[in-house]
2 protein chains.
Amino acid sequence: MASKEQRHRAIQEIISVESVSTQAELVDRLRGKGYDVTQATVSRDINELRLVRVPLGRGKHKYALAQLELTEDVMDELGRIFQTFVHDVDRGENLVVLKTTDGHATGIAFLIDRLRRDDIVGTLAGEDTIMVVGRTVAEAKRLQEEFEDLLA
Amino acid sequence: MASKEQRHRAIQEIISVESVSTQAELVDRLRGKGYDVTQATVSRDINELRLVRVPLGRGKHKYALAQLELTEDVMDELGRIFQTFVHDVDRGENLVVLKTTDGHATGIAFLIDRLRRDDIVGTLAGEDTIMVVGRTVAEAKRLQEEFEDLLA
DNA sequence: GGGATATCCGCATGAATATGCTGAATATAC
DNA sequence: GTATATTCAGCATATTCATGCGGATATCCC
């Protein structure tokens with residue numbers, strides 16, 4: 001018997017390949033692949049998979065994979081990680097310097113990069129040090145404060 | 001008279017601050033701010049703003065700003081990073097092992113974690129090695145293939 | 001001004017989605 | 001084994017959302 005998990009994968013595959021605009025349509029596609037389910041089940045699947053129905057304008061819609069990283073989430077995660085691995089925040093002009101547990105600088109720098117903030121020009125990571133290059137001194141100052149808040 | 005554009009701004013502000021789960025609720029909030037509209041209008045606004053209703057599990061939902069990066073993007077980025085830093089992919093049962101340029105394992109492992117894939121139980125990173133724990137051998141096998149494809 | 005055209009939005013309703021309830025299947029405990 | 005709990009999914013329906021239509025107001029051109 002086709003498991004729920006398999007069906008979930010099938011759904012993700014379908015919506016990432018073709019453009020599905022309603023659950024009824026998704027039911028059709030699933031039936032085509034041998035998953036005989038109803039709209040109710042698909043609705044629950046969509047909930048569990050956290051899929052979103054994105055409006056495309058002119059009344060069109062399509063289902064899409066939920067964005068896994070909302071900026072808030074990244075900040076949340078960054079918060080947790082900061083408390084664990086970051087020991088110190090300092091700054092010289094527009095350069096914010098973070099001291100981390102040995103070996104974790106690169107990982108944290110990756111995460112910071114992923115924020116894609118306009119006020120961050122880029123990051124550079126060594127073994128236990130990250131340099132975050134702010135666009136301006138003022139922006140770096142604000143950044144420093146934000147980072148410090150994460151530590152608190 | 002309050003313009004449509006102002007109302008659009010108000011909507012974006014509302015949903016980014018509080019958790020709005022239905023259009024009716026959004027109508028209430030808007031009325032509280034002096035925008036006297038009906039659900040129909042809000043529905044049209046949501047379409048124009050391309051807002052999505054994200055399932056949060058247990059039947060809860062909230063409206064959110066359209067998401068800019070879909071999972072595909074993360075995979076794209078992972079692809080670029082893999083080509084630069086990952087040298088080898090191997091596997092023993094349900095453990096996929098990645099060999100990376102020295103010092104980059106942690107960073108890449110962070111990124112893999114962020115995919116939050118159901119088929120990945122977790123990752124463990126050393127200096128130049130990442131172990132990705134697959135949920136099953138079959139899934140790990142598929143993962144290995146995916147990773148290898150990224151290298152190609 | 002007045003007619004033509006376009007935008008906006010409410011109403012009513014149709015379309016789409018979510019869910020309470022139930023029974024069946026499966027896992028877990030005894 | 002049987003008993004008990006949990007998961008799963010269908011049905012019927014409630015809830016939520018989208019939209020055709022028409023009226024109101026605005027805009028432009030003559």
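The figures that follow rest on heavy atoms only: side chains count, while hydrogens, waters and symmetry mates do not.
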**Request:** May I ask you to say what B/Asp36 touches in the nucleic acid, namely base, sugar-phosphate or nothing, with a heavy-atom cut-off under 4.0 Å?
**Result:** sugar-phosphate

Using a cut-off of under 3.5 Å, enumerate the N/O to N/O pairs linking the protein to nucleotides 20-26 of chain D.
| residue | atom | partner | partner atom | Å |
| --- | --- | --- | --- | --- |
| D/dG20 | O6 | B/Arg44 | NH2 | 2.6 |

**Item:** Axial bend angle, the helix from C/dG1-D/dC30 to C/dC30-D/dG1: five-pair end segments, nearest 10°
**Value:** 40°

**Prompt:** Under a 4.5 Å cut-off applied to non-hydrogen side-chain atoms, are B/Ser43 and B/Thr38 in contact?
**Reply:** no

**Item:** Shortest non-hydrogen contact from A/Pro55 toward B/Ile46
**Value:** CG-O, 4.0 Å

**Prompt:** Under 4.0 angstrom, heavy atoms only, what part of the nucleic acid is B/Val37 near: base, sugar-phosphate, or nothing?
**Reply:** sugar-phosphate

Could you pull out the protein-nucleic contacts involving nucleotides 13-17 of chain C (nitrogen or oxygen on both sides, under 3.5 Å)?
| residue | atom | partner | partner atom | Å |
| --- | --- | --- | --- | --- |
| C/dT17 | OP1 | A/Arg53 | NE | 3.0 |
| C/dT17 | OP1 | A/Tyr63 | OH | 2.6 |
| C/dT17 | OP2 | A/Gln23 | N | 2.7 |

**Prompt:** What residues, two or more places apart in sequence or in another chain, satisfy side chain to side chain contact (heavy atoms under 4.5 Å, CB included) together with B/Arg29?
**Reply:** B/Ile14, B/Glu18, B/Glu25

**Request:** Nearest whole angstrom, please: distance from the P of C/dA18 to the CG of A/Leu51.
**Result:** 10 Å

**side chain to side chain contact (heavy atoms under 4.5 Å, CB included) involving B/Val27 - partner list, sequence neighbours excluded** = B/Arg31, B/Gln39, B/Val42

**Prompt:** Any side-chain N or O of B/Thr38 less than 4.0 Å from the OP1 or OP2 oxygen of C/dC9?
**Reply:** no

**Message:** Between C1' on D/dT16 and CG on A/Asn47, what's the gap in Å once rounded to a whole number?
**Reply:** 13 Å

**Request:** Could you check if a side-chain atom of B/Val96 sits within less than 4.5 angstrom of a side-chain atom of B/Val89, using non-hydrogen atoms only?
**Result:** yes

**With B/Lys99 via side chain to side chain donor-acceptor pair (under 3.5 Å) - residues at least two apart** = B/Thr129

**Message:** Is any side-chain heavy atom of B/Arg7 closer than 4.5 Å to one of B/Asp45?
**Reply:** yes

**Item:** Side chain to side chain, B/Leu26 and B/Asp28, heavy atoms closer than 4.5 Å
**Value:** no

**Prompt:** What are the two closest non-hydrogen atoms of B/Lys62 and B/Ser19, and how far apart are they?
**Reply:** CB-OG, 3.7 Å

**Asked** What heavy-atom pair brings B/Ala10 and B/Tyr35 nearest, and what distance separates the two atoms?
**Response** CB-CE1, 3.7 Å

**Message:** Nearest whole Å is fine: how far is C/dA18 P from A/Asp45 CG?
**Reply:** 11 Å

**Asked** Rounded to the Å, how far apart are A/His8 NE2 and D/dT7 P?
**Response** 14 Å

**Prompt:** Rounded to the nearest Å, what distance is computed from the OH atom of residue B/Tyr35 to the P atom of nucleotide C/dC9?
**Reply:** 12 Å

**Request:** Walk me through it: do A/Asp88 and A/Leu98 pass the test side chain to side chain contact (heavy atoms under 4.5 Å, CB included)?
**Result:** CA-CA 6 Å; A/Asp88 190 50; A/Leu98 308 177; over 6 Å; no

